[in-house]
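Sequence lines set the chain letters: A, B, ... in the order given, protein chains first and strands last, and positions in each chain run from 1. Only this structure's heavy atoms are used, side chains among them; waters, hydrogens and symmetry mates stay out.
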Amino acid sequence: MFFYLICTARLEGAPIEKNNEGFLMFGEVSSQFTFAEREKQILEFWRENDIFQKSMEIYKDAPPFVFLEGPPFANAPPGVHHVLARIMKDAVCRYKTMTGHYVHRKAGWDTHGLPVEYQVEKQLNITNKAELEAYGVQNFIEKCKENVFQYEQDWRQMTERIGFWVNLDDAYITLSNDYIESVWWVLRQAWEKELLYQGHKVQPYCYRCGTTLASHEVALGYQEVADPSIFVRFRLKNRENAYLLVWTTTPWTLPSNVAVAVGEDYDYVAVEEGNGQHLILAKECIPNLFGDESPQVVENYKGRDLQAWEYEPLFDSGQYPEKSHYIVTGDFVTTTEGSGLVHIAPAFGQDDYEIGQKYNLPLVQLVGPDGKFVSAVKEPWAGEYVKDADPKIIENLDGRGLLFKAAEYTHQYPFCWRCDTPLLYYARESWFIRTTAIRDQMHQHNQQINWYPEHIKDGRFGNWLENNIDWGLSRERYWGTPLPVWVCDDCGHQHCIGSIAELKELGTDVPNDIELHRPYVDDVALTCGECNGEMHRVQDVIDCWFDSGCAHTAQWHYPFENKEMLEQAYPADFISEAIDQTRGWFYSLLATGTLLYDKPAYKNCLCLELIMGPDGQKMSKSRGNTVDPWTILNKQGADAMRWYMFTATTPWTPRTFTLDGIDEALKKFMGTLQNVYSFFVMYANLEQIDVLQDAPPVSERATVDKWILSRLHTLIDEVRDNMENYHLTNAPRAIEAFVDDLSNWYVRRSRDRFWGAEAGLDKHAAYATLYEVLVTVAKLSAPFVPFLADELYRNLVCSLDAEAPLSVHLAEYPVADAALRDAQLETDMDFTREVISMGHAARNRSGIKTRQPLAEFTLGGLSSGEKATVDRLAELVHDELNVKTIAFTEALDAFAQVTLKPNFKVLGPKYGKGVQAIAKALAAADAGTLKAELEAAGSLQVEASGETYPLEQSDVEVQTQNREGFFVEMDAKKFVALSTELTHELTLEGLAREFVNKIQNMRKEADFNVSDRIKLNLDTTSALLDEAFQAHRDYILRETLTTAVVDTPGENAFTLTQKLNGEPATLSVERV
RNA sequence: GGGCUUAUAGCUCAGACGGUUAGAGCGCGCGCCUGAUAAGCGCGAGGUCCCUGGUUCGACUCCAGGUAAGCCCA
């Protein structure tokens, strides 16, 4: 807590913390904190200092990077998938800001549509339109407005808490008059281009909601259901006892039947049914219907032969103004299911409707908008809901001997995505946008968009565009942007209004503050320009996807305001939403953008996949596997959640969300970085190092310093590269790998340079290097973990420099300095670490602890370059493995079994098929001899399969395998060996280190401060221990901060009797 | 039924261009180190790279077919 006080005080402009010698101090890093709590302090700091606003202001005149926010609905609380989308957007925007762009971040809210109506209906217990009208449209609309922002506070809090910087106070809202007016303007553009039209199409229709659904809505509600599957006999006219065998899964459409379709080229047969009756069906369908007992075929036809054959109606509705009940041909007929004869009811199917148009069949519509048979129907199912009528219809057919077979059929059938009512395919009047007219342009624009992942472009999205059909725009509902088309009562003239001004101009008694919603706009009557009659608005509202699809334009209230803004902000540089928006927002933006400006609406689109619950199943409330983001935000914090989401998997892969993964992010990355940071601050304060004043030039620093700086600058390039290409996973993964190297190699190797060494160049070099690295890492990771990054930055930078930007988010993103990169050094270090790792393995195997120095470390199988590498970094090897000398040997055979293998990659292209024969020959020959020959002569002749192949050194690889009986460790090419013989000197030295270790542990146990000086007493009967202590007395005293060795322990001494490598001793330590 | 995507260790994921001993982290077991402790290091066990064919001197990788899963469409 002390720590926060320091920081807060400093930020409020208090003098920078100094100790009494005038040394600038870093804020103390307490180990008593939680990331989650600390993040709240940082949020407070951001708020109080307007850091978000400032981060935009400083780049006001910089090149813009245009981000377009997909508007969420605030009528349900946000879930983890919303967090995912928001942090992806955030990281890109923060990165672009820090790399010098002006990133305007306007929030948005989607507000219209059936989901809202549905919630309000549920709340009011309204189940159909009649009840709704009775409640009153105006009241209903007002309720909708309330409902829409029900969870706005939750959204706000989540957005802020996760660190998503977006301007919620200047959000575009699709229900606002300004927004609607812009949408009207868009529709007016479509109208003027004759792309807005009224049509009659069969559409998925929800009788409960009383509206048609757009295809993307239908897609939301497919369920597997069992429907009746019946085969019905249709009696042919002009033929004795001959019937068509017709299949349907919707018996309720049979009363509206007007034709039967066959496939022109299919083979059909008439079969003998056994009772003198003949059945006509597709030949291929016989096995489906009759099984093994093939009926006798009495006649063969082609589909086209059957054309125009007439049959008797199953039911006579008497509504047949046009010729009907005959056979037609259609290319949609299949023989994989059913009978190859398809029942046609033009009012209830898209194919049916089209074929009805083609053959001029009557449109028999026996079902009302309420989903029930109309009362004009004479049969008993009049007034009954269609699905309930199915059994009665089947029974009726059976009774008349017309039912051939009845079964159940399980298939995917669409249900209303909100109210779960089965949809009916139903011919309705509707308004459309003629998107098919701009399909080619949309396709071209799609080609210009960078999709992440790329396969969306020509895959899912491209396919969708290819199969584009006109956009069913109108909804026969209440809560939405009203369709601004007025129709003359007298002459039928239509007009599309494009602005409020025009509405006021043409309308009579338009209130000055008119709200552009139903029922208010419904009350506005216009005067007909053609006949002076009175015009009234069509009752429909529009698809809310059209609202959000206009966001690129309507968010600015264009063209009524912000004309210059649109020029800058269209197209957007970047959008990101979940994959389900392919047919939603991704499409609607592209369609409206193409329609208006003939340009793609966005340049880069990051598609996010769904998040699965911890059980690997899709998250859903009904499954009970949802995760509330707050449980994580409150416990592990926002950074941990963010880091997990960035690094666990690419955002376009469906991910299984696990809490373990978040803990891992917390420990693995954040914990490690935090430890390095606190290590640095702790010792920098203790040792009073002024990192800014005394930094030696890099050329004078230690090799590890040069190495970590080279790694750092390689990292900068890597992160930037990935970010420029929207690889939001690879960038932080690279940072994570770097932090691991930083902690587990750089710091581990350099530890004593920070606290042990005398003040001087090397110590300053270590501090300066770690300081530069930490500050740079803070900046690099700022887009991903904005809280932790700012904590590091503010303490490391702002503590020393009052002039520095207040926050890491106001700092510039690091730029790599090529001069600091040393690829050779990085490779050398990798190699050396590999050798050391093998040394560790060998030590491990020998069972001799690292504290015990050993005489010699032998390496074999190294090239001369590799030897030079090890020499260059020998100090690391000595230290890490605690060995006195490093030796190289060529005596491979003594330790290892050598084999020669072809270098396939080189030899393959050279000798092709011969490669396998060469491999066999090399395996059979004596590898040692061949190797010697090759080294002596530089080349080798290999006889294989009767051919002679000349091989050069680069054509083969030497491989080794462990030979038993040595403390060696080897991989394919090299080996290491440890001499384990202990001389007296080595034993003494090992004991000295044993002393240090034991005394240090005692200091810790006795709760001494790391800087406390101590008095030491040693009491031992072991001559060996005594000798070791005397021989290495200076070393032991120095390492343990012992200022005096006393003969008797003091009163307050901490005393412990223990064994050092088996030798007994009693040690006492006491603070001076 | 069609389209797209995915399938690698118990779990979560890496594995340009095809190259013959397939990697990491977590988890597990053993050991080490500890003046970074929400630590750290080493070693070990753990894999028919979904299946079947094909192309190739050589396939986790390319092609075809299949299986399973996810999403989308009908």
Query raised in the report: If you take atom types as modelled and just measure distance, does the side chain of A:Thr672 reach the base of B:A39 with a donor-acceptor pair under 3.5 Å?
Result: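 Absent.
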
**Report entry** Pair of N/O donor and acceptor under 3.5 Å linking B:C32 base with A:Arg851 side chain
**Finding:**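 No pair found.
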
Query raised in the report: Is there aromatic stacking of A:Trp464 against B:C72, centre distance under 5.5 Å, plane angle under 30°?
Result: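 No; centroid distance or tilt outside limits.
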
Can you tell me if [X] touches the phosphate of [N], counting only side-chain N or O atoms and a distance under 4.0 Å to OP1 or OP2?
X	N	result
A:Asn744	B:C41	yes
A:Asn463	B:C73	no
A:Lys901	B:U21	yes
A:Asn1001	B:C33	no
A:Arg1003	B:G35	no

Requested in this report: State which residue, out of A:Phe754, A:Tyr771, A:Tyr767, fulfils the ring-ring contact (aromatic ring centres under 6.0 Å, His included) condition with A:Phe679.
Outcome: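 Single pass found, and it is A:Phe754.
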
Query raised in the report: Are there more than 12 heavy atoms of other residues, nucleotides or ligands under 6.0 Å from atom NZ of A:Lys635?
Result: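 No, the 6.0 Å shell around NZ holds no more than 12 heavy atoms from other groups.
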
Query raised in the report: Does NZ belonging to A:Lys998 count more than 12 external heavy atoms closer than 6.0 Å?
Result: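 Counting other residues, nucleotides and ligands, NZ of A:Lys998 exceeds 12 neighbours.
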
What is the pairing partner of [N], taking Watson-Crick or G-U wobble pairs with both distances under 3.5 Å in any strand?
N	answer
B:G35	none
B:G23	B:C13
B:C50	B:G66
B:C43	B:G29

**Report entry** For atom CG of A:Leu673 and atom P of B:A39, their distance in whole Å
**Finding:**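 Roughly 16 Å, once rounded to whole Å.
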
When you compare the protein's N or O atoms with those of nucleotides 25-28 of chain B, which come within less than 3.5 Å of each other, and at what distance?
residue: B:G25; atom: O2'; partner: A:Glu664; partner atom: OE2; Å: 2.7

Verify the ring-centre separation between [Y] and [X]: is it less than 6.0 angstrom?
X	Y	value
A:Tyr587	A:Trp471	yes
A:Phe787	A:Phe35	no
A:His727	A:Trp652	yes

Requested in this report: Scan side-chain atoms only and decide if A:Asp740 and A:Trp745 contain a donor-acceptor pair under the 3.5 Å cut-off.
Outcome: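 Checked: A:Asp740/A:Trp745 side chains show no N/O donor-acceptor pair below 3.5 Å.
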
Query raised in the report: When rounded to the nearest Å, what value does the distance between P atoms of B:G65 and B:C72 take?
Result: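 The same atom, P, in both gives a distance of 25 Å.
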
Requested in this report: Quote, to the nearest angstrom, the C1' distance that separates B:G47 from B:U21.
Outcome: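 That atom pair is separated by 13 Å.
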
Requested in this report: Find the distance between CG (A:Leu84) and CE (A:Met645) and round it off to the nearest 0.5 Å.
Outcome: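 The CE atom of A:Met645 is 5.0 Å from CG of A:Leu84, to the nearest 0.5 Å.
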
Check nucleotides 11-14 of chain B for protein N or O atoms closer than 3.5 Å to its own N or O atoms and list the pairs.
residue: B:C13; atom: O2'; partner: A:Arg733; partner atom: NH2; Å: 3.1

Query raised in the report: Does a salt bridge link A:Glu736 with A:Lys668, judged by any charged N lying under 4.0 Å from a carboxylate O?
Result: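 So A:Glu736 does not pair with A:Lys668 through a salt bridge.
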
Requested in this report: Let me know, please, whether A:Gln916 or A:Thr1040 comes out on the 5' side of the other along RNA chain B by nearest nucleotide.
Outcome: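 Nearest nucleotide further toward 5': that of A:Thr1040.
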
Query raised in the report: A:Ser678 or A:Val915: which one's nearest nucleotide on RNA chain B is closer to the 5' end?
Result: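 Result of the comparison: A:Ser678.
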
